Every structure is written in C-alpha cells, then in structure tokens.
K.L.:
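My questions will all concern the structure given below.
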Amino acid sequence: MPELKLHLQIEDLDPKAIAIATPLFVVGRLEQCDLCLPLSDVSRQHCRIYQNSQAQWFIEDLGSTNGTFVNAMELKTAQLLMQGDVIEIGSTQLSVSLTDEVPVVQPAPPRVHQPQPKPKPSGLRKHTILQDAEDLKQQWLETGLSKAEQTPERRIARLEYLVEISKNLSSAESIEDIFGKVQAILFKEIDHMQRLALLVDVEGDRKLQVINSVTPFNGPDPQTDAWISRSICSQAFNKKIAIKTLDAQTDKRFEGKQSIVFREIEGVLAAPLWDTNQVVGVLYADVSVKAADSAEGGEDLSFFSTIANLVAYSVQRWLLHRRLQGQERIRQQLERYHSPAVVQQLINAGELAAGRIKPKEADISVIFVDLVGFSNMSERMTPQQVAHLLDRFFDEMLGFVFAQGGTLDKFIGDCIMAFFGAPEPQTNHADRAVRAGLSMLKHLEKLNMMNTFPEPLQIHVAISSGTAVVGDVGSSQRVDYTVLGQTVNLAARLEGICPANECLISEATYQQLSNKDAFIHSGEQSLKGFVQPLPIYRMRHRQTTVPHLTLGDNTLGMTTQHQS
C-alpha cells in the first residue's frame, strides 16, 4: 500500500515533509484540522485528502473561498492524486509523494490563462486573499494577537473599540459625515493605506456609485474614479467577499479586467457593506504594496471588513432617509394632481420609476370646466381680485374631482382640465366624471345664492370618454403629468360649444353611463379637427336628476338640480 507524503512549501520558509497516517486528512485554517494553515487565504476547512478501498489517494475541495488547485487546475470534483502533483491552497504549495523518496519541490506551473506576473522587487509576496465577509466579522477580535494576548480581556478591549466606532458612525447625520468618520478611523489604523473610496448602490439597481473618495497626500484628483477598479468592487459586492490583493494583475480571478491593467492597480483592499439581508455598497482602498506585505497577514483585511460591516448600517439609514425624502417630494408633486388615496396607491404599487410615471394608453374620461365670460369679468377687477376669485373657484370645484377619484391635469387660465380612469384604472370613469361635473353645477348655484363671488358665476362643463396616452411628458427641465389624444381634443371642442351652466358629453361617455336618465341626444355637431359630425348629448332641462351611481362599494345617492 503506497504511503502518501506531502512536502509543504510556504513562501519564505524551508520545505517540510508531512506523512499522512490516516485515510482522511483535512487541511484548513482551524486548529482542529489535520494540517492547520493559519493564513487568511485559507478557509476554515479548505480541502480533504482521503484514501479509497483500492488504496488510491484523492483530494477534494470543501467549498473553500479561494479554491484548491492541482497542477494549476482548479478542483471542481474529487481528483486522483499522482506522484509529483503540486497542490495549491492559497499561497501554500504541497508536493505529492507516493514513495519514501523525497522529491524536489517545484513551483506550480502558471495556471491556465493566467497572465505572466510583472517583475517585482525582491522580498515582496504576490498573492490575493478572497474571504467571505461574514467569516471576517469575528476574526479581527482574535487575529494578530499572540497566544498570550488572546485573553478575554484583550478581546473585550477590541470589542469595546468597535462599539465606540459604531456609536460615532450612528451619530453621523449625512453621507459626507459618515465617510469623514470612516476615513479618520481607517487612515489611523491602516498606515499603508493611500486612498479610500465609498461606493453605494444608491438606486437599488446593483450599480455602484462613487459617493466620496479621499487621499491623504497630493496625488491624483480623488474626485475622479479612474483609480478605482470596478472589477474588484464588483467581486466584493456581488459575492459578498472581502478582497486583499498585492498583485491584482497576476490573479486569474481578475484576468481580462482592463481597469486593473490600465490603472496599474496592485495593492487593494475592498470589503462589502453588508448586513444579514443585503449588500448595499463597497469600501475600497489603495494600499502600498511594500507596506501591505508586512507580517500582519490578513489582519488589515479583517479590520477593514469589520469597519465596512459597521458602515453598512449607517449607509442603510442614509439610504432609507433619502428614499423617504424622495417619496415625500413625489407625494407633494402628485398631490397637485391626484387625491391622497390615489397618491398612496401609486407609491405602494411602485409605479414611479425615477420619480416619473411612464406614459401608457388608458381608457379614461376627460372633463373641462370653464368660467363663462371670464375675460370681460377680469377687465372690471384688479389683478389681486382676479387671483383671489380664481383661487376660491378652483378650490371649490376641485374638491368634486378628487371626491370621485379624479386627477387634475392642469389649470388653463380660468379652466379646469381633469380626467378619470388613470393612473389607477376605473371601470366606471364615465360615471365619476359626470357625477363630478353635475355636482360642480349644483354647488356653484349654491355659492351664487350665498353671494360668494363679487358677481354670479357661470360655467361650461364638457366630458369625453375614450383612449388616451397618460403619463409624465416633458423635458429634462420640466415634466407634467398629462393626457394626450383625440379624446382630450373632443372634450375641449365640446367645452367650446357648451352653453352656460350646461354639461355636454360625447356619445362614448353617454354609452358608458350606468344611468342615462340625466342626458338626452342633442343632434350631431361638426367640430374642428373631426371629419364627421359627432353625436352630442346634453342635460335634461327644468329638472335634472344627478344619476344614481355605484362606485365600487360606495353608492352615491340622488340629488335634484333645477335648471332655468
């Protein structure tokens, strides 16, 4: 039965032969492993070597972060070990011997597709550490301490330091303040750090934006992000791993990443801003390769990642505050057009992409309400009196639009333009529009009887139903929520021929009414912009009954309006 020996080669140390005396041999960072490699680029249980019933030796990766390589090929499944095979675990190499003869340890060949490393000054190590961010959360409390220092008191002291950092971050009121406190901590604790940047997934679309960056010396302008490797940030963000690389250009995991090659990025620390549920950004730093290659190993990465974890909570608080502010701005904007109930429905439904409602076709009813003879009236009034009259008139009339779940499109001089059936679909939008229009006529009659205005007012009410384009329309400087199409044009034309204190509706509106008793056919009318004469429907005179309408679960009662 062949005996298996591993000849261990760790950089800068003499080779060491290890005989495997058991049929199962585990290699990892934990002390309980058969071969303990207390290095940051080694997972807790990295790989296992075992013997089958035919006395053959196999090696299998145990889901390690950085992978296990045999003869420069990464293990995907268990692989038979042969004489002279070279195993790579992080920066550690193991040479396989199946006899008593001690082989000469040869470096592993370049991995497939791995670019040739650049010449470096002697004494510098060339390696990359990729480690799960959650694994690093506890590690900093113990890493870097000698056995004598690994006491409860020493660990508590480090924990208290983290608590103090957390308090400082919690007191930050802005993203600039958060970054300022973070940079003060990191530049103090990691003296080989050259530049620092905070990247955040601001819009929740998994696209990182550089929020702030800084350098402690007079180097390139930190406000440009050319020095930041997007490929490394993407790795940290998408895989929730902390990265320390002292030679990113020779690491095959970043192969083909032109941002690294062109920017000559070598020493980097990158850590995700994460909590239990999500990753919200990345903390990124350039480091001095020579200084970062010190004996402190992965302690700087574990500390950097621990701080990133604390920063995540502050950034999440900032993102929530920013989102709430954005919603409030959107709410204030939408409440100019919609009833509060419709506004809440829009926000809940997530209809507002980038704060805008995308235009789309909808089946709606459009209403125009216009003052009769306003031009002549305004000539008899001062500008202040005109403004006061319009404010009171709009305020009195608009309430009936919102009461029926309608949307204000705009004020056109002394005219109200509104619509029903969007942005939330309303199957009875024609009923709602008619109910609002007739209620305005009745209410204006009461206001005139009470001498509310300097002189009695009269209005035209016109309603048309059909398909229209509804949504935010405009330029980058100004956007209006509006409706467009022939349905709108028809309502405007009807308003132009409507008698005083009357309500005219189109045939489409009439056909959609649940109760048609309030209207009668008034013949056909040629209208500008329409080829054929169109049927027109008007209110019944003398005694007009506002129809009994059912709006969802709410039934609207009967009212009687007397016409002269």
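All values reported here derive from a predicted model rather than from experimental measurement. We number each residue from 1, following the sequence as shown.
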K.L.:
Counting only N and O atoms by type, is there a donor-acceptor contact under 3.5 Å from the side chain of Arg432 to the main-chain atoms of Phe420?
P.N.:
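Between the backbone of Phe420 and the side chain of Arg432 there is no qualifying donor-acceptor contact (under 3.5 Å).
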K.L.:
Whether the side chain of Arg230 engages the backbone of Leu208 through a donor-acceptor N/O pair (distance < 3.5 Å, no angle test) should be reported.
P.N.:
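Yes, the answer is positive, given that a donor and an acceptor are paired below the 3.5 Å cut-off.
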K.L.:
Using residues 363-371 as the side-chain source, report each donor-acceptor pair under 3.5 Å to any protein atom, sequence neighbours left out, with the distance given to one decimal.
P.N.:
{"unit_1": "Asp363", "atom_1": "OD2", "unit_2": "His429", "atom_2": "NE2", "d": "3.0"}
{"unit_1": "Ser365", "atom_1": "OG", "unit_2": "His429", "atom_2": "ND1", "d": "2.7"}
{"unit_1": "Ser365", "atom_1": "OG", "unit_2": "Ala430", "atom_2": "N", "d": "3.4"}
{"unit_1": "Ser365", "atom_1": "OG", "unit_2": "Ser465", "atom_2": "OG", "d": "2.6"}

K.L.:
Nearest 0.5 Å please: distance from the CD atom of Gln458 over to the CD atom of Glu502.
P.N.:
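Gln458 atom CD to Glu502 atom CD measures 10.5 Å (nearest 0.5 Å).
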K.L.:
Name the orientation class of the two ring planes belonging to Tyr537 and His521 (parallel below 30°, tilted from 30 to 60°, perpendicular beyond 60°).
P.N.:
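If you compare the ring of Tyr537 with that of His521, the planes turn out perpendicular.
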K.L.:
Distance-only, no hydrogens or angles: does the Arg435 side chain make a donor-acceptor pair with backbone N or O of Gln404 under 3.5 Å?
P.N.:
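Pair absent, no side-chain N/O of Arg435 close to backbone of Gln404.
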K.L.:
Could you check whether Glu445 and Asn448, counting side-chain N and O atoms only, form a donor-acceptor pair closer than 3.5 Å?
P.N.:
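On atom types as modelled, these side chains do not qualify, holding no pair under 3.5 Å.
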K.L.:
Quick one: does any side-chain atom of Lys442 pair with a main-chain N or O of Ser439 as donor and acceptor, under 3.5 Å?
P.N.:
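Side chain of Lys442 to backbone of Ser439, a donor-acceptor pair under 3.5 Å: no, none is there.
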K.L.:
Going by distance alone, is a donor N or O of one side chain under 3.5 Å from an acceptor N or O of the other, for Ser231 and Ser234?
P.N.:
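No, Ser234 and Ser231 have no side-chain donor paired with an acceptor closer than 3.5 Å.
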K.L.:
With sequence neighbours excluded, tell me which residues meet ring pair (Phe, Tyr, Trp, His ring centres under 6.0 Å) with His388.
P.N.:
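By the ring pair (Phe, Tyr, Trp, His ring centres under 6.0 Å) rule, His388 matches no residue at all.
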K.L.:
Calculate, to the nearest 0.5 Å, the distance between atoms CG and CZ belonging to Leu438 and Phe519 respectively.
P.N.:
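One finds 4.5 Å between CG of Leu438 and CZ of Phe519.
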K.L.:
At what distance, to the nearest 0.5 angstrom, does CG of Leu390 lie from CD of Gln385?
P.N.:
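With rounding to 0.5 Å, CG (Leu390) is 12.0 Å from CD (Gln385).
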K.L.:
If you round to the nearest 0.5 Å, how far is CG of Asn501 from NE2 of His460?
P.N.:
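Between atom NE2 of His460 and atom CG of Asn501 there are 9.0 Å.
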K.L.:
Thinking salt bridges, do Glu203 and Lys207 make one under a 4.0 Å N-O criterion?
P.N.:
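The answer is no: the pair does not qualify as a salt bridge.
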K.L.:
Can Arg380 and Glu455 be said to form a side chain to side chain contact (heavy atoms under 4.5 Å, CB included), step by step?
P.N.:
CA-CA 11 Å; Arg380 301 190 295 269; Glu455 55 187 271; 2.7 Å; yes
K.L.:
Ignoring hydrogens and angles, tell me if any N or O in the side chain of Thr487 forms a donor-acceptor pair with the backbone of Thr467 under 3.5 Å.
P.N.:
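Side chain of Thr487 to backbone of Thr467: a pair is present.
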K.L.:
Return the CD1 to CG distance between Ile463 and Leu504, rounded to the nearest 0.5 Å.
P.N.:
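Separation between the atoms: 9.5 Å.
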